[in-house]
2 protein chains.
Amino acid sequence: MEASDGHFTRQTGPTDFLARLSSADARDLIQASQRKLFARNEFIFKAGDPGRHVYFLQQGRVKICQPAPEGKDVILWFCFTGDMFGMAEVARGGGRVVHAQACEASEVLVLSQNELTDYLKTHSAAALPIMQVLADRLRALGDVVVNLINDDAQTRIIKLILRLATRHGIRVGQDIHLNIHLTHQEIADMVGTTRQTASSVLGHLKRQGLMRLENRRIRIDSMELLDEMTNST
Amino acid sequence: MEASDGHFTRQTGPTDFLARLSSADARDLIQASQRKLFARNEFIFKAGDPGRHVYFLQQGRVKICQPAPEGKDVILWFCFTGDMFGMAEVARGGGRVVHAQACEASEVLVLSQNELTDYLKTHSAAALPIMQVLADRLRALGDVVVNLINDDAQTRIIKLILRLATRHGIRVGQDIHLNIHLTHQEIADMVGTTRQTASSVLGHLKRQGLMRLENRRIRIDSMELLDEMTNST
DNA sequence: TCCAGAATGTCGGCTGGCCGACAGACATGG
DNA sequence: CCATGTCTGTCGGCCAGCCGACATTCTGGA
């Protein structure tokens, strides 16, 4: 068991892009870019915007979600300190297809497309980490797709929690804390169910003592037991 | 390569990686890599393999699918002539999580991880097209996720067909031909339904004169009408 | 050319989970 | 510290789509 639902290792998170750059490359990136601040819930960009900038999250938390016709936005992933986002549209061209919204007050570095290509010309070693981030997300989305296709609502929710825990969880004593403010509605939207179903599944898990929600933040009591529920019931 | 210029948005296919390289870069890539042939249905790699090589499809068609616990493989996407695949694991490290299987006799260029990094050092302009390919797939998977979450079976199937047509369709007279051999089962697996439901939806569409299946290959009579069915019924 | 194995068409029963509805519990900013 | 709007728990009715089963058609390899 090596891949998707395995156990977690790095604290820096597999998503910490900035940490992967050499310190010289990171310094130059900071120098080449412009610093910007965003308030909680503010949009950094929205679907439909031109999309000529890449962002690096220096501090804070950002939610990437893709709007669907009837206002049902789907949360694709979260960005944490060190993460890069907005890259896809810059590389590929065309406008934004997703929103990027600050979950809390956040500080980002902004680089225009031209600045990025210039930077890459002189810092070719930075290309690989970028590919890594993209590759990593590709794999994560692949898992999501498989999950959506094969699993029932309860399993989807459990696997979502495990995915988040693996990527963003912090061990606190016996527990694992997820420092993401999530409503049942948002969980449902990430997993393709209704709020009601999500509520009932989460209630069920809570009653089994597998996890809690404290102030809309997930606390996991036992990854192992949660994982087991995946193949049964 | 050609995919003749009809009324289509993008011709060369957004997926044609090799076409995006400068001719010098492409030449060097071919020189640095090793040529390999695969028979129809042969696996180029399987989930669990080490995954230290990138592949460039010179000729043929390759199916990328991710295995799920109970043997229900999910087809994530297809690669056509000029496409790159196997990049994600090379960039990210870790074993393969997907299978790559030749849909027909295919010819690929193989590059080891080291050869790739060496190549990128001397051909830094090639980094951007790689990012483009990854970004493009990321976006495609995002669409799939939203589609899976929001739409019912019929709409999912129609949108799948439209996606494939947009990316890989070839205009032939009034029709658009999709040169991909697909069984109902495979369509169902891409879209998260059962074979029976897929059969019935496809039968329905055929009866409406919106599309046909000739020798397991999709022929679309009217993209417009198909598209309309997306928002109704 | 022929034939076995694969793919398709279709039916009915059954159920997971959607939908609407509402009461109670928070949490947050004034 | 309170009020209000948001979030959570839970219920019952209902239906899209799953499942199993079967007959029929197709097709690709020998």
Side-chain angles (χ1 to χ4, degrees), chain A residues 39-41 68 70-75 103-105 147-161 180-208 211-219 229 232-233, chain B residues 39-42 68 70-75 102-105 147-160 180-208 211-219 229-230 232-233:
Chain A
R40 179 189 157 99
N41 290 335
E70 298 116 39
K72 307 204 77 193
D73 294 2
V74 176
I75 302 175
C103 300
E104 54 183 59
N147 190 207
L148 282 171
I149 288 185
N150 287 303
D151 302 323
D152 65 6
Q154 156 149 330
T155 308
R156 290 209 297 276
I157 290 180
I158 295 178
K159 285 194 178 169
L160 169 71
I161 294 174
I180 314 175
H181 187 281
L182 281 177
T183 67
H184 289 189
Q185 182 67 65
E186 289 179 304
I187 293 175
D189 286 348
M190 273 194 275
V191 131
T193 0
T194 55
R195 203 226 79 226
Q196 292 93 317
T197 309
S199 281
S200 112
V201 169
L202 290 170
H204 192 235
L205 295 177
K206 195 193 298 183
R207 253 171 269 125
Q208 314 248 113
M211 50 139 279
R212 287 155 295 141
L213 272 161
E214 282 174 11
N215 189 8
R216 310 261 148 84
R217 283 171 170 86
I218 297 175
R219 310 275 117 114
M229 303 218 32
S232 57
T233 310
Chain B
R40 179 190 160 97
N41 291 333
E42 196 177 350
E70 298 114 40
K72 307 204 77 193
D73 294 2
V74 176
I75 302 175
C103 300
E104 53 184 56
N147 190 206
L148 283 172
I149 288 185
N150 287 303
D151 302 324
D152 65 5
Q154 159 151 328
T155 308
R156 291 209 297 277
I157 290 180
I158 294 179
K159 286 194 178 167
L160 169 71
I180 313 175
H181 187 282
L182 281 177
T183 66
H184 290 189
Q185 182 66 64
E186 288 179 304
I187 291 174
D189 286 347
M190 273 194 276
V191 131
T193 0
T194 53
R195 201 225 82 226
Q196 292 94 319
T197 309
S199 282
S200 112
V201 169
L202 290 170
H204 192 235
L205 295 177
K206 194 192 300 183
R207 252 170 270 126
Q208 314 248 112
M211 48 138 281
R212 286 157 295 142
L213 272 161
E214 280 174 11
N215 190 8
R216 310 260 148 85
R217 284 173 170 85
I218 298 176
R219 310 275 118 111
M229 302 218 34
T230 266
S232 58
T233 311

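Throughout, a chain's letter reflects where its sequence line sits, starting with A, and its residues are numbered from 1.
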**Request:** Would you classify B/R216 as touching base, sugar-phosphate or nothing, given that sugar-phosphate means primed atoms plus P, OP1 and OP2, and contacts are heavy atoms under 4.0 Å?
**Result:** sugar-phosphate

**Request:** Using whole Å, report how far CD of A/Q185 lies from P of D/dG5.
**Result:** 19 Å

**Prompt:** Is the phosphate of D/dT6, meaning OP1 or OP2, less than 4.0 Å from a side-chain N or O of A/H184?
**Reply:** no

**Complete:** Assign each of A/H181 and B/L202 the nucleotide of DNA chain C bearing its closest heavy atom; nearer the 5' end lies the nucleotide of B/L202

**Complete:** Only one of A/D151, A/N150, A/I149 passes side-chain contact (heavy atoms from CB on, under 4.5 Å) with A/N147, and that residue is A/D151

**Request:** Can you tell me the distance, in whole Å, between the NE2 atom of A/H204 and the P atom of D/dT8?
**Result:** 19 Å

**side-chain N/O A/T197 vs C/dG16 OP1/OP2, d < 4.0 Å** = no

**Fill in**
Rounded to whole Å, CD of A/E214 lies from P of D/dT8 at a distance of 14 Å

**Item:** Phosphate OP1/OP2 of C/dT10 contacted by B/R195 side-chain N/O (<4.0 Å)
**Value:** no

**Fill in**
Here the distance between atom P of D/dA16 and atom CG of A/D152, to the nearest Å, is 21 Å

**Message:** For B/V191, is there any backbone N or O sitting under 3.5 Å from a side-chain donor or acceptor partner on B/R156?
**Reply:** yes

**Separation of atom CD in B/Q196 from atom P in D/dA16, rounded to whole Å** = 17 Å

**Message:** Distance check needed: C/dA6 C1' versus B/L213 CG, whole Å only.
**Reply:** 15 Å

**Prompt:** Between D/dG17, D/dG9, C/dT10, which one does the side chain of B/T193 approach most closely?
**Reply:** D/dG17

**Request:** Give B/R156 one of three labels, base, sugar-phosphate or nothing, depending on what nucleic acid heavy atoms sit under 4.0 Å from its own.
**Result:** nothing

**Asked** With a non-hydrogen cut-off below 4.0 angstrom, is A/S200 in contact with a base, only sugar-phosphate, or nothing?
**Response** nothing

**Message:** Does either side chain, that of B/T197 or that of B/S200, offer a donor lying less than 3.5 Å from an acceptor on the other one?
**Reply:** no

